[in-house]
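Since we're looking at a predicted model, the values are computed, not measured.
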Amino acid sequence: MSETGTYVYAVGRHLDEELLTRLVGVGDAPVRMISHRDLDIVVSTVDLDEFGETALRTNLESLPWVEKTARRHDEIVRRAAALTTALAPFRLVTIYRSDDAARARIEELYDDLTPALDRIDRRSEWSVKAFNRMRTPTPAAVEAEAPSSGVAYLQRRRAELRSRQEVAADQEMLAEQLLRDLVPATAATRRLAPQDQRLTGRAESMALNAAFLVDDDRSTEFFELVNELRSRYPSFDVELDGPWPPYSFAVLDKP
């Protein structure tokens, strides 16, 4: 018989064990709940032939495997989050040798976990991304093309470069202001690195990528504020996504 381990998805409070056990986790294993002090730990049993340290070195190089596992992990976290007001998601493929080993680790993290759960209680994460709108050349700019000499060409190229730099600086300042305008409606904010165009699948560059922790009873207010800001920042295409489990505000640095 293969060795098994305990895969931890998240830790929360007051979870419904009966509803949790209806879920199917990574590796198609049933989801379980184990408890430690006042915390409920969402887990499933995994085969170490697939999820052991040696196997993971290979599997984490396989994009289909990572995508399938990440999707199932996220699904379980979202379903569990819907069953409580405070759930701290754990990182993908957080695995311990046994349930007792998982409990021992939760005990070590207990003093960090409890304030993290207090911080996210009755709150959800929302994502705001702002993309720089593509600019089309003005008729005057088009007419300015076809330089009459090499000197004119260099002058035009320098002017174009200065113009791009000025536009980029303006957009950066506007993105910072957009972030500040959103902060009053939130409990916490985290500015993230802009995503690469290969990841977003968009031709426009990303000016702002931020996560916001929002009180559940203020989510409508936040939604309306984002809509209002869309008209105040016409140079951005603003995307709002959520609500999600508070990944950016509850995941611990030491899983």
Side-chain angles (χ1 to χ4, degrees), residues 9-15 23 42 67 70-92 94 112-133 171-253 255:
Y9 301 89
V11 173
R13 295 184 178 128
H14 313 302
L15 287 161
L23 305 178
V42 184
E67 182 178 2
R71 285 182 183 277
R72 187 61 62 88
H73 177 100
D74 183 60
E75 178 189 350
I76 299 304
V77 169
R78 288 173 186 259
R79 299 281 291 273
L83 301 175
T84 181
T85 59
L87 187 89
F90 271 43
R91 291 177 177 170
L92 188 69
T94 299
D112 293 326
L113 272 170
T114 49
L117 289 170
D118 291 341
R119 185 169 59 247
I120 62 174
D121 195 11
R122 293 177 173 77
R123 290 170 171 162
S124 300
E125 179 172 334
W126 292 78
S127 164
V128 173
K129 295 182 174 69
F131 294 88
N132 294 307
R133 290 190 186 278
Q171 290 294 90
E172 188 173 337
M173 291 176 58
L174 286 172
E176 185 63 33
Q177 184 58 51
L178 172 60
L179 178 70
R180 287 200 291 267
D181 286 346
L182 288 165
V183 166
T186 68
T189 305
R190 180 164 291 182
R191 187 163 185 173
L192 309 172
Q195 293 175 336
D196 189 89
Q197 287 164 289
R198 289 171 296 182
L199 184 61
T200 64
R202 297 182 58 142
E204 309 96 319
S205 60
M206 184 181 288
L208 176 66
N209 182 19
F212 299 90
L213 187 65
V214 179
D215 291 354
D216 290 338
D217 60 4
R218 298 187 69 190
S219 58
T220 301
E221 176 188 344
F222 184 70
F223 185 85
E224 291 173 349
L225 176 60
V226 172
N227 277 339
E228 177 190 333
L229 293 175
R230 283 188 172 113
S231 60
R232 285 167 51 186
Y233 293 87
S235 64
F236 292 139
D237 184 8
V238 179
E239 283 189 355
L240 172 66
D241 212 349
W244 295 332
Y247 282 103
S248 299
F249 301 93
V251 174
L252 302 179
D253 293 333

Using a 3.5 Å distance criterion without hydrogens, assess whether the side chain of Q171 forms a donor-acceptor pair with backbone atoms of A207. no
Under the criterion side chain to side chain donor-acceptor pair (under 3.5 Å), which of Q197, E239, Q195 is the partner of R202? E239
Criterion side-chain contact (heavy atoms from CB on, under 4.5 Å) against R230, the qualifying member of L178, L225, D237, L240: L240
T200 vs K129, side-chain contact (heavy atoms from CB on, under 4.5 Å): CA-CA, chis, key distance, verdict: CA-CA 10 Å; T200 64; K129 295 182 174 69; 5.6 Å; no
I would like to know whether D74 and Y247 meet side-chain contact (heavy atoms from CB on, under 4.5 Å); could you show each step before the answer? CA-CA 10 Å; D74 183 60; Y247 282 103; 2.6 Å; yes
Indicate the atoms forming the closest heavy-atom contact of E125 with A211, along with that distance. OE2-CB, 3.5 Å
Could you state the interatomic distance from CG (N209) to CG (L179), rounded to the nearest 0.5 Å? 10.5 Å
Test item: H14 side-chain N/O and A86 main-chain N/O as donor-acceptor pair under 3.5 Å: no
Let me confirm one number: the CZ-NE2 distance from R78 to H73, rounded to the nearest 0.5 Å. 11.0 Å
In this structure, are over 12 heavy atoms from other groups packed under 6.0 Å from E172 atom CD? no
Less than 4.5 Å apart, side chain to side chain, heavy atoms only: is that true for L87 and V77? yes
Straight-line distance of L213 CG to W126 CH2, nearest 0.5 Å: 12.5 Å
In sequence, state the C-alpha distance, the side-chain angles, and the governing distance for R79 and E75, and then conclude on side-chain contact (heavy atoms from CB on, under 4.5 Å). CA-CA 6 Å; R79 299 281 291 273; E75 178 189 350; 3.4 Å; yes
Reported CG-to-CZ distance for the pair L182 and F222, which is rounded to 0.5 angstrom: 5.0 Å
More than 12 heavy atoms of other residues, nucleotides or ligands under 6.0 Å from CZ of R218: is that the case? yes
Are any side-chain N or O atoms of R123 and backbone N or O atoms of V214, one a donor and one an acceptor, separated by less than 3.5 Å? no
Do any N or O atoms from the side chain of T84 and from the backbone of R13 form a donor-acceptor pair under 3.5 angstrom? yes
Criterion side-chain contact (heavy atoms from CB on, under 4.5 Å) on L15 and V42, from CA distance to verdict: CA-CA 9 Å; L15 287 161; V42 184; 3.6 Å; yes
Closest contact, heavy atoms only, G12 versus L117: CA-CD2, 4.3 Å
Within a 6.0 Å radius of atom CZ on R198, are there more than 12 heavy atoms belonging to other residues, nucleotides or ligands? no
Would R190 count as a cation-pi partner of F249, with NZ or CZ less than 6.0 Å from the six-membered ring centre and within 45° of the ring normal? yes
State, with a plain yes or no, whether a side-chain heavy atom of N132 is found less than 4.5 Å away from one of F236. yes
Got a second to check how far D215's CG is from I120's CD1, nearest 0.5 Å? 12.5 Å
For P89 and P246, the nearest pair of non-hydrogen atoms, with its separation, is CD-O, 4.3 Å
For D181 and R232, what are the C-alpha separation, side-chain angles and deciding distance, and is it a salt bridge (Lys or Arg N to Asp or Glu O under 4.0 Å)? CA-CA 11 Å; D181 286 346; R232 285 167 51 186; 3.3 Å; yes
